[in-house]
Structures are given as C-alpha cells and as structure tokens.
Amino acid sequence: MQQEVRVRFAPSPTGGLHIGGVRTVLYNYLFAKKHNGKFILRIEDTDQSRYVAGAEEYIYETLSWCGLVPDESPKHGGNYGPYRQSERKELYRKYAEQLISAGQAYYAFDTPEDLEKMKLRVKTDENTNPQYDHSVRMEMKNSLSLPASEVDQLLSASTPYVIRIKMPENENITLHDMIRGEVHFHSHIADDKVLLKADGMPTYHLAVVVDDYLMKITHAFRGEEWLPSAPVHILLWRYLFGEDAMPEWAHFPLILGPSGKLSKRDGAKYGFPVFAMSWNDKSKGETTEGFRERGFLPEALINLLALLGWNDGTEKEIFTLEELIDSFSIEKVHKGGAKFDFDKAKWFNHEWIKKLSADDLAKKVKTVISGKGVAVKDEKQLYKIISLVKDRCTVLPDFWEQSFFFFREPDQYDTESIKAKWGEDKKRFFENFIKELGAIPEWGSAFIESAFKNLAAVCNIKPGELQLPFRIMLVGGKFGPPVFDIADVLGKKETIERITKALLKFDQ
RNA sequence: GCCGCGUUCGUCUAAGGGUUAGGACACCACCCUUUCACGGUGGUGAUACGGGUUCGAAUCCCGUACGCGGUACCA
C-alpha cells in the first residue's frame with residue numbers, strides 16, 4: 001500500500017494572490033487529485049510585521065472561485081492542524097534547540113547594528129553582499145564564538161537572540177527535483193540562515209521543514225525563487241527527520257511579466273490583471289485589479305494558467321478541470337519561465353464563453369446587465385440573448401456592449417450609413433412591412449425573414465439593401481447579431497414600435 | 001560580485017539523434033456574411049552564438065552570450 005499523496009500550498013497572507021500563486025495552487029491541486037491525494041492549505045504567517053487583515057479570507061475566496069478547494073486548511077479543518085503557523089509557534093523551538101544540542105545550530109546575539117557593521121566591514125567589490133557565514137561567524141556574538149559561561153549569562157539575562165543554522169563548510173548537497181533532475185550546491189555558499197527569530201517565531205526555513213514533516217507532506221512544490229535556499233532545507237531534513245522522510249521536490253518555473261518576475265505593478269503598468277480577484281490595499285488605498293473583476297471566467301483562468309508552463313504533449317489547448325486532472329503530470333512542467341501574454345489570456349476566455357451554455361453563463365451575465373441598472377425580467381429571453389451574442393464576447397462586460405439594445409430602444413440612429421440610399425420606395429417598404437409583421441401567424445426569425453424577403457420581391461428591392469436600414473431601426477447602428485434574430489428576441493410589438501419610431505426619425 | 005536556474009517564430013509551446021522544425025495567440029490576405037463577430041483557407045515568422053560527439057544534431061557534451069531568480073530576524 002502506497003503512502004497517501006499529500007501536497008500543500010503555503011502562502012503568506014500579505015496581500016492579493018497573483019496568478020503565479022494561483023498556478024502553484026493549481027499544479028498542487030492537479031497533482032493531488034490525479035493521485036487521489038490531499039491538497040492542504042497552510043497559512044505561513046510567521047512575519048507578524050507583515051500581517052494584513054483580510055488577506056487570509058481573500059485566499060479562501062480566490063480558491064473557492066477557482067474551484068480549487070483545499071481538503072485541509074485553517075478553515076476546512078483536518079487532522080494535522082493547526083494550519084496557521086502563528087498558532088504552531090511553540091512547536092518549532094524544540095527542533096531548533098535539538099539542532100543546537102547536536103552542534104548543527106547556534107545562538108546568535110548580534111543586534112541589527114552588529115550585522116550592519118559586519119556587512120560594512122566585509123563588503124568589497126568582489127563580495128558585494130556579505131553573508132553571515134563560516135567566514136565571519138567566529139567574529140560575531142554567538143554561542144560558537146563566545147565562551148560557554150558568557151553564553152549562559154546572556155541567555156539568563158534574557159538577551160534577545162536568534163538561532164542560526166551552522167552551515168557546513170565544505171559539503172556537496174544534491175537536490176533531486178522532479179522537473180529539473182539533479183541540482184548541485186556547495187554548502188559553503190549558503191549563509192547561516194536564521195531559523196528562529198528573536199520574537200520566537202520560526203523563519204520560513206525552519207517552519208517549512210517542520211510543518212512538511214508533521215503534516216506528512218509527500219511532495220513539496222513551490223516556485224523557482226526557492227531553489228537557492230533548497231540546500232538549507234535539505235540539510236534541515238537530514239538533521240531533523242532524515243532525508244528518507246523528505247518529500248519529493250519540484251520547483252515550478254516563474255511566470256514573467258514584460259520585465260522579469262510578474263509583479264502586481266506590471267498590472268497597472270501594462271493594463272492587465274495580475275491578481276485572481278481584485279485586492280484592495282487599505283493601507284495604501286489602492287486597488288489592484290483581478291481577473292474576476294475584469295470579466296474572466298474561472299474556467300478560463302484555470303485553463304490558461306495550466307497551459308502557462310505545461311502541456312500534455314498534444315495540441316489540445318482547451319481543458320476542463322477534470323481533463324486537466326486526468327492529463328497532468330509534473331514531468332511535463334517546463335523548466336524555463338513563461339512570459340504572460342494577455343492576448344492569449346483573452347483568447348482562452350473567449351473560447352470558454354463560446355463553450356459554455358447560456359445556462360452556465362446566465363448568472364454572470366445577469367450581474368453584468370444589472371450592473372448597468374437594467375433589471376432582467378424575462379429569463380427565457382435572456383438565454384436567447386446569451387446564445388445569440390456570446391460568440392462575440394471576449395470578457396463578461398462585452399455582454400452589455402453586445403446586447404444592451406435588447407433592453408432599451410435606440411436613443412440615436414446611425415442615419416449616416418444609410419442616408420445615401422434612403423428613399424420613398426424604402427420608406428414604403430417598411431410601412432408595408434409593419435402590416436406584414438402584424439399579420440405573421442407565428443413569431444420567429446425564419447418567418448420574419450421570409451416575410452421580409454417576400455415583400456422585398458414584391459417591391460422589387462434587393463433584400464440586402466433593406467437589411468441595414470432594418471438593423472439600424474432596431475438597434476441604432478451597425479452592430480449586433482443577425483437582424484432577424486434581433487427582431488425575434490425583441491418580439492412583435494417591440495419590433496413594430498421600433499420601426500415606426502425610426503421611420504419618423506429617418507425623415508428628419 | 002557570488003551562487004543557482006534557464007534559452008525553439010514577437011508570445012505560449014510540439015518535436016527527447018533522421019520532420020519541408022508542427023500547433024496556438026497576435027498580425028496580414030482571401031472566403032463566408034450587404035452590420036460586427038464566429039467560422040474557413042492561406043501567409044509572414046524560430047532552434048542565441050562558437051566548438052565538439054555522431055553517417056546524421058533543436059535534441060548529447062563543453063564554452064560564450066543573454067535572460068531570470070537568490071544572496072533579510074520576508075515569504
């Protein structure tokens with residue numbers, strides 16, 4: 001019996017979730033579901049200074065909107081809680097102390113000023129970014145450099161301290177990554193990372209290892225930005241729980257903006273959303289737009305994100321979540337970063353709007369329409385409208401541009417477009433057409449069309465020449481779906497009224 | 001600076017030693033449509049560079065260049 005697959009997404013609740021994060025969630029989710037495993041959400045809120053109210057709620061809402069609901073989380077519960085690191089605070093210290101006993105970590109009493117001084121002292125052109133590592137640690141104030149008696153004294157005097165890992169000086173560390181294969185590091189390049197902060201909270205490095213162990217995570221996936229600190233995590237695993245217990249790793253490629261790693265600033269700068277849902281930063285009073293608010297469907301967002309850095313090896317591009325679960329494999333995730341292309345994103349949304357039924361779309365379209373102050377009275381008519389116009393809608397707000405004329409009569413007419421060819425004969429045609437329409441036994445686009453064409457033949461006018469005026473009478477301009485379909489949806493009474501009204505206007 | 005990762009049309013990607021280097025987005029043209037779209041057909045357009053290995057390299061190896069990431073008591 002194989003071990004149950006358990007994966008986790010571990011965001012820090014510091015603001016909106018951007019699409020890189022959503023994609024990480026997605027790949028985690030797909031992997032878990034593919035292997036009948038569990039998808040866990042863990043909140044990494046160990047940095048109290050960066051706490052942002054509402055950010056955690058936002059994450060749940062985003063996940064729920066996307067349809068990527070965790071099996072375990074602070075909100076959904078589970079057997080491995082608490083799932084919020086701040087609530088696990090007391091549990092980390094013992095592991096840090098264990099490392100100290102084993103000589104794999106040490107207390108460090110350096111103040112921020114001490115660290116600053118060290119950096120200034122060591123900094124050269126060749127070493128522009130000095131680290132707290134083997135080369136300087138014996139010159140600093142820590143339990144390695146100080147005599148034991150002094151360390152005891154400092155501790156009993158409650159001097160603030162951190163616990164740092166003692167990185168070995170000369171060791172090769174190999175990471176096996178499911179996407180990249182073997183990645184090699186030298187231990188001497190990493191610094192003595194802080195494991196436990198002065199406030200007693202763990203840093204990411206300690207917490208991720210301890211929690212992945214305690215929560216029985218089998219596969220640890222995260223963004224490529226974590227690759228450089230992987231050796232620290234591997235060492236921690238080796239020291240604390242043994243490498244045999246370590247999950248399998250995979251580092252996903254980054255999603256790039258027009259210039260480097262996609263950031264929320266790119267959104268404002270280039271005019272596309274970067275967050276899944278809009279995020280309001282109350283401290284700065286600025287809102288970052290989300291895909292949801294821009295009128296994207298969650299199905300499309302998921303689909304486009306899945307294909308940004310992965311594909312199933314075929315030419316298939318439109319996938320439902322189910323299909324993604326079915327065909328997903330980590331090995332086919334790319335190594336290289338992918339630049340986000342908003343045009344392609346819109347194409348995916350368009351495809352999804354076309355793919356979904358009027359029924360699927362109705363609720364969202366209704367929201368768009370009512371957002372314009374128009375109440376949708378006739379459900380059946382709405383379905384008809386959606387079917388009629390969805391092929392020409394790329395994002396949800398387009399439904400208004402494409403169908404507003406069904407809800408209100410034209411307030412102006414594009415008479416310019418027909419002026420040149422308008423005349424008495426055509427006017428007469430429409431006057432007769434009104435009578436014909438009144439006599440139509442069954443209202444429907446095919447009947448309207450044949451009445452229209454028959455009458456045109458009688459009047460000896462090409463039907464094509466009459467269609468544009470008819471369209472403008474009904475909607476006001478050169479837009480909309482096929483004109484007989486418009487008349488159909490409008491209904492007999494409304495159609496006749498609009499022709500009548502327009503005829504008067506055309507004369508002026 | 002140092003370390004790591006990466007590099008196929010403008011963008012997302014297929015091809016894991018033998019293909020006229022395929023598809024999609026975008027763009028252009030034509031067809032359909034007397035609105036605009038949808039749709040259809042076709043077109044422009046890529047293996048970063050230099051060395052190897054091989055009968056044969058986009059594919060394997062080495063260098064160079066470029067890009068990205070990391071280098072916090074942030075995650």
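Letters A, B, ... mirror the listed sequences (proteins, then strands); counts begin at 1.
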Mind running a 4.0 Å heavy-atom check of residues 174-183 of chain A against RNA chain B and sending the residues that fall below it, in number order? A:Arg180, A:Val183
Please report, to 0.1 Å, the donor-acceptor pairs under 3.5 Å made by any side chain of residues 334-345 of chain A, with sequence neighbours excluded.
residue  : atom : partner  : partner atom : Å
A:Asp341 : OD1  : A:Asp343 : N            : 3.1
A:Lys344 : NZ   : A:Glu317 : OE2          : 3.0

Please give, in whole Å, the distance from B:U35 C1' to A:Leu466 CG? 15 Å
Looking at A:Lys339, does any N or O in its side chain come under 4.0 Å of the phosphate oxygens OP1/OP2 on B:G10? no
Run the ring-centre check on A:Phe9 versus A:Phe39 and record whether the distance is less than 6.0 Å. no
Given B:G1, B:A75, B:A72, identify the nucleotide with an atom nearest to the side chain of A:Asn127. B:G1
When the P atoms of B:U47 and B:C62 are considered, how many whole Å apart are they? 23 Å
Using the 3.5 Å cut-off, write out each protein N or O paired with an N or O of nucleotides 24-30 of chain B and the distance between them.
residue : atom : partner  : partner atom : Å
B:A24   : O4'  : A:Glu317 : OE1          : 3.0
B:A24   : O2'  : A:Glu317 : OE1          : 2.7
B:A24   : O2'  : A:Lys344 : NZ           : 2.9
B:A24   : N3   : A:Lys344 : NZ           : 3.1
B:C25   : OP1  : A:Trp347 : NE1          : 3.3
B:C25   : O2'  : A:Lys344 : N            : 3.4

Only pairs at least two apart or in different chains count here, so list each salt bridge (Lys or Arg N to Asp or Glu O under 4.0 Å) that has a residue in residues 299-311 of chain A. none
Out of B:U35, B:A72, B:G69, which nucleotide sits closest to the side chain of A:Lys119? B:A72
Between P on B:C32 and CG on A:Asp391, what's the gap in Å once rounded to a whole number? 20 Å
Whole-Å gap separating P (B:G70) and CD1 (A:Ile173): 20 Å
Over all strands shown, is A:Ser417 touching base, sugar-phosphate only, or nothing at heavy-atom distances under 4.0 angstrom? nothing
Scan residues 469-476 of chain A against RNA chain B and write down, sorted by residue number, each residue with any heavy atom closer than 4.0 Å; if none is found, say none. A:Arg471
If you look only at distance, which donor and acceptor atoms sit under 3.5 Å apart when one is on a side chain in residues 164-180 of chain A and the other is two or more places apart or in another chain?
residue  : atom : partner  : partner atom : Å
A:Arg164 : NH1  : A:Asp192 : O            : 2.7
A:Glu171 : OE2  : A:Arg238 : NH1          : 2.5
A:Asn172 : OD1  : A:His186 : ND1          : 2.8
A:Thr174 : OG1  : A:His184 : ND1          : 3.1
A:Asp177 : OD1  : A:Ile179 : N            : 2.7
A:Asp177 : OD1  : A:Arg180 : N            : 2.9
A:Asp177 : OD2  : A:His251 : N            : 2.9
A:Asp177 : OD2  : A:His251 : ND1          : 2.8
A:Arg180 : NE   : A:His251 : O            : 3.2
A:Arg180 : NH2  : A:His251 : O            : 3.0

B:G16 pairs with, by Watson-Crick or G-U criteria that keep both distances under 3.5 Å: none
Please tell me if A:Arg164 has a side-chain N or O lying less than 4.0 Å from either OP1 or OP2 of B:C73. yes
Is there a donor-acceptor contact under 3.5 Å from the side chain of A:Asp360 to the main chain of A:Ser357? yes
Base, sugar-phosphate alone, or nothing: which one does A:Lys354 contact when heavy atoms must sit under 4.0 Å apart? sugar-phosphate
Distance-only donor-acceptor hits, side chain of residues 110-121 of chain A, under 3.5 Å, sequence neighbours excluded:
residue  : atom : partner  : partner atom : Å
A:Asp110 : OD1  : A:Lys141 : N            : 2.8
A:Asp110 : OD2  : A:Tyr132 : OH           : 2.7
A:Thr111 : OG1  : A:Glu113 : N            : 3.4
A:Thr111 : OG1  : A:Glu113 : OE1          : 3.3
A:Thr111 : OG1  : A:Asp114 : N            : 3.1
A:Thr111 : OG1  : A:Asp114 : OD1          : 3.4
A:Thr111 : OG1  : A:Asp114 : OD2          : 3.2
A:Asp114 : OD2  : A:Thr111 : N            : 2.9
A:Arg121 : NH2  : A:Glu139 : OE1          : 2.5

Compare the minimum distances between each of B:A75, B:C73, B:C12 and the side chain of A:Leu115, then state the nucleotide with the smallest one. B:C73
Can you work out whether A:Glu465 or A:Phe109 has the more 5'-proximal nearest nucleotide on RNA chain B? A:Glu465
Name all residues meeting the salt bridge (charged side-chain N to carboxylate O under 4.0 Å, His left out) criterion together with A:Glu87; count only those two or more places apart in sequence or in a different chain, and write none if there are none. A:Arg84
Using atom CZ of A:Phe348 as one end and atom C1' of B:U11 as the other, report the distance to the nearest whole Å. 12 Å
Under a 4.0 Å threshold between the charged nitrogen and the carboxylate oxygen, would A:Asp266 count as salt-bridged to A:Lys264? no
For A:Ile189, enumerate each residue passing the side-chain contact (heavy atoms from CB on, under 4.5 Å) test, keeping only those at least two apart in sequence or located in another chain. none
Quick one: A:Glu416 CD to B:U35 P, roughly how many Å, whole number? 19 Å
What nucleotide, of B:U13, B:G69, B:A15, holds the atom closest to the side chain of A:Lys332? B:A15
A:Gln131 side-chain proximity, nearest of B:C73, B:A75, B:U71: B:U71
Nearest-Å distance for atom pair CE/C1', residues A:Met167 and B:C3: 12 Å
So that I can tick it off, tell me whether A:Lys355 and A:Glu351 are bridged by a salt bridge, with the cut-off set at under 4.0 angstrom between side-chain N and carboxylate O. no
For a quick test of your reading: what N or O donor-acceptor pairs under 3.5 Å do the side chains of residues 225-235 of chain A make, sequence neighbours left out?
residue  : atom : partner  : partner atom : Å
A:Ser229 : OG   : A:Trp226 : O            : 3.2
A:Ser229 : OG   : A:His233 : NE2          : 3.4
A:His233 : NE2  : A:Arg222 : NH2          : 3.1
A:His233 : NE2  : A:Ser229 : O            : 3.4

Specify the separation, in whole Å, of atom CG of A:Asn303 and atom C1' of B:C12. 13 Å
Side chain to side chain donor-acceptor pair (under 3.5 Å) pairs touching residues 457-468 of chain A, sequence neighbours excluded, are A:Lys426-A:Glu465
Report yes if at least one side-chain N or O of A:Lys261 is closer than 4.0 Å to OP1 or OP2 of B:G70; otherwise report no. yes
If you pin A:Pro228 and A:Asp199 to their nearest nucleotides in RNA chain B, which one's is more 5'? A:Pro228
Strand partner of B:G1, provided both Watson-Crick or wobble distances fall under 3.5 Å: B:U71
What pairs of residues pass the side chain to side chain donor-acceptor pair (under 3.5 Å) test when at least one of them lies in residues 468-479 of chain A, not counting sequence neighbours? none
